[in-house]
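Below: the structure, in structure tokens.
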Amino acid sequence: MIENRDEYRRMHEVERQLWWYQALHGKILAEIERRFGDRRAGINILDAACGTGGLLSVLRDRGYPNLVGFDYSRHAIDFSRERGLVVTFGDLKNVADFRAGDTYDVIICNDALYFLTDQEIKTALAAFRERLNPGGILLINIHAFNAFAGTHDVAVGSTRRFTRTDFARYAQASQLDLVQDTYWPFFLSIPILAVRQWQRFQLKKGQVDGQTLESDVRYPGDVINTILKSITRMEQKVLPRAPFGSSLFMVLQAGQSGDL
């Protein structure tokens, strides 16, 4: 996906509207406000592998002034800069090299660590830990459960999915505490699973061309988008920690246990 400008263009066009992004951004805002309350000034936030800058623009609209992001893709950087955001090149494999010496109260990394090996994930998490200010938090969202793999995974170059157990192990090795986690969206997991299983069947039978696939990032129309957004918002209120879903959202903070 990194070299596919069309995928980044699609993301840029719908990232502020699509129900899935709105749900994820809502989770992130809730965690930041839970940790820091009404404070805005003085909260330094890094979005690592920030894509086209949708989350950073949401944070800016909410009054957070100290925002910076990095991404490996030149297309993602271009689209982020179109939004007037401070985004430069950066590599999750070399987090320590990005603005060396700068530290943050919040570091966010959404749906990007799947590009890395297990050891590279541990190294990235350890580098994030070193960049956190005292009391800071690391927020991560990642693809969950191999059963949900489908054409979207092929389109974005994802070859693996994760469980909480995986990240509990990575966190311990990186001296981070996994303080909160949930799979999501739980209420929509059955229809999502059904669609993805059908996609895998089509891929297996050669009924779709894996070389020309597009991701699931597309706007479904106002009515369906509103329904899906309402379902995920209700889920966040009544089921803050779900046992199953196509994504895994986590809150981590610096700990004292484990060795890299």
Side-chain angles (χ1 to χ4, degrees), residues 20-21 23-32 34-35 46-49 55 92 95 106-132 135-150 152-153 156-197 200 216 231-260:
W20 189 91
Y21 284 113
L24 176 57
H25 297 167
K27 290 178 183 294
I28 291 167
L29 286 166
E31 291 303 328
I32 295 174
R34 184 175 292 117
R35 179 59 61 101
L46 166 65
D47 190 352
L55 174 59
L92 287 172
V95 175
V106 181
I107 298 177
I108 304 159
C109 187
N110 289 331
D111 300 298
L113 291 171
Y114 61 81
F115 286 114
L116 309 184
T117 66
D118 285 352
Q119 184 55 49
E120 287 169 342
I121 291 173
K122 294 175 187 177
T123 300
L125 293 181
F128 287 145
R129 179 185 182 277
E130 291 299 316
R131 308 299 290 274
L132 282 174
I137 53 175
L138 170 61
L139 306 177
I140 294 175
N141 196 75
I142 197 71
H143 303 168
F145 293 116
N146 288 329
F148 285 102
H152 176 81
D153 298 67
V156 302
S158 173
T159 59
R160 58 193 309 210
R161 284 175 169 262
F162 301 85
T163 65
R164 183 194 185 281
T165 301
D166 296 322
F167 270 86
R169 185 174 69 251
Y170 301 149
Q172 183 180 30
S174 308
Q175 297 187 22
L176 286 161
D177 291 334
L178 179 52
V179 297
Q180 187 176 332
D181 64 90
T182 185
Y183 294 104
W184 74 283
F186 178 71
F187 293 159
L188 296 172
S189 60
I190 297 304
I192 292 174
L193 183 61
V195 169
R196 295 288 173 78
Q197 290 294 316
R200 290 172 70 173
D216 292 346
I231 292 172
T232 52
R233 282 182 175 175
M234 178 178 63
E235 175 179 313
Q236 189 166 350
K237 291 180 180 178
V238 304
L239 193 64
R241 191 169 191 265
F244 192 61
S246 58
S247 289
L248 173 62
F249 180 76
M250 295 164 284
V251 182
L252 302 97
Q253 62 186 21
Q256 298 300 321
S257 60
D259 298 309
L260 180 63

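Owing to the predicted nature of the structure, the values given are computational and were not obtained by experimental measurement. We count residues from 1, following the sequence as given.
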Exercise for the section: Applying side chain to side chain contact (heavy atoms under 4.5 Å, CB included), run through Thr182 and Leu239 and close with a yes or a no. Expected result: CA-CA 9 Å; Thr182 185; Leu239 193 64; over 6 Å; no

Exercise for the section: Determine, step by step, whether Asp216 and Arg196 satisfy the salt bridge (Lys or Arg N to Asp or Glu O under 4.0 Å) criterion, reporting the C-alpha distance in whole Å, the side-chain angles of both residues, the deciding distance to 0.1 Å, and the verdict. Expected result: CA-CA 11 Å; Asp216 292 346; Arg196 295 288 173 78; 2.8 Å; yes

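- Using a 4.5 Å heavy-atom threshold, the side chains of Asp181 and Phe249 count as separate.
- One distance of note links CD1 of Ile108 with CD of Glu31; it measures 11.0 Å at 0.5 Å rounding.
- For the atom pair CZ (Phe162) and CG (Asn146), the distance works out to 9.5 Å, reported to the nearest 0.5 Å.
- Under the 30°/60° scheme for interplanar angles, the aromatic rings of Phe167 and Tyr170 are found to stand perpendicular.
- Ala112 approaches Leu92 most closely through the heavy-atom pair CB-CD1, 3.7 Å.
- Looking at Arg160, its side chain does come within 3.5 Å of a backbone N or O of Leu116 through a donor-acceptor pair.
- Here the closest heavy-atom approach between residue Val95 and residue Arg131 is recorded as O-NH1, 3.0 Å.
- Taken from CZ in Phe128 to CG in Leu252, the straight-line distance is 10.5 Å, to the nearest 0.5 Å.
- Aromatic ring orientation, Tyr114 versus His143: parallel (interplanar angle below 30°, classes split at 30° and 60°).
- Val156 is not listed as a side-chain neighbour of Asp111, based on a closest heavy-atom distance of 4.5 Å or more.
- Here the side chain of Gln175 pairs no donor or acceptor atom with the backbone of Ala126 at under 3.5 angstrom.
- When side chains are defined from C-beta on, Met250 counts as touching Leu178, because their heavy atoms get closer than 4.5 Å.
- Put simply, CG on Leu29 and NZ on Lys27 are 12.0 Å apart, with the number rounded to the nearest 0.5 Å.
- Atoms OG1 and NZ, on Thr232 and Lys237 in that order, are 11.0 Å from each other to the nearest 0.5 Å.
- Here the closest non-hydrogen pair linking Arg35 and Gly136 is NH1-O, 4.0 Å.
- Between Leu139 and Val251 the shortest heavy-atom distance is CD2-CG2, 3.7 Å.
- With values rounded to the nearest 0.5 angstrom, Ser246 atom OG is found 9.5 Å from Asp153 atom CG.
- Other residues, nucleotides and ligands place more than 12 heavy atoms under 6.0 Å from the CZ atom of Arg34.
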Check residues 184-191 and write down every donor-acceptor pair under 3.5 Å in which the side-chain atom is one partner and the other belongs to a residue at least two apart or another chain.
{"unit_1": "Trp184", "atom_1": "NE1", "unit_2": "Asn141", "atom_2": "OD1", "d": "2.9"}
{"unit_1": "Ser189", "atom_1": "OG", "unit_2": "Phe186", "atom_2": "O", "d": "2.7"}

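- Across all non-hydrogen atoms, the minimal contact from Phe145 to Gly245 is CD1-O, 3.3 Å.
- Within the 4.5 Å cutoff, the side chain of Val106 has no heavy atoms near those of the Ile28 side chain.
- Across Gly255 and Arg129, no two heavy atoms sit closer than the pair O-NH2, 2.8 Å.
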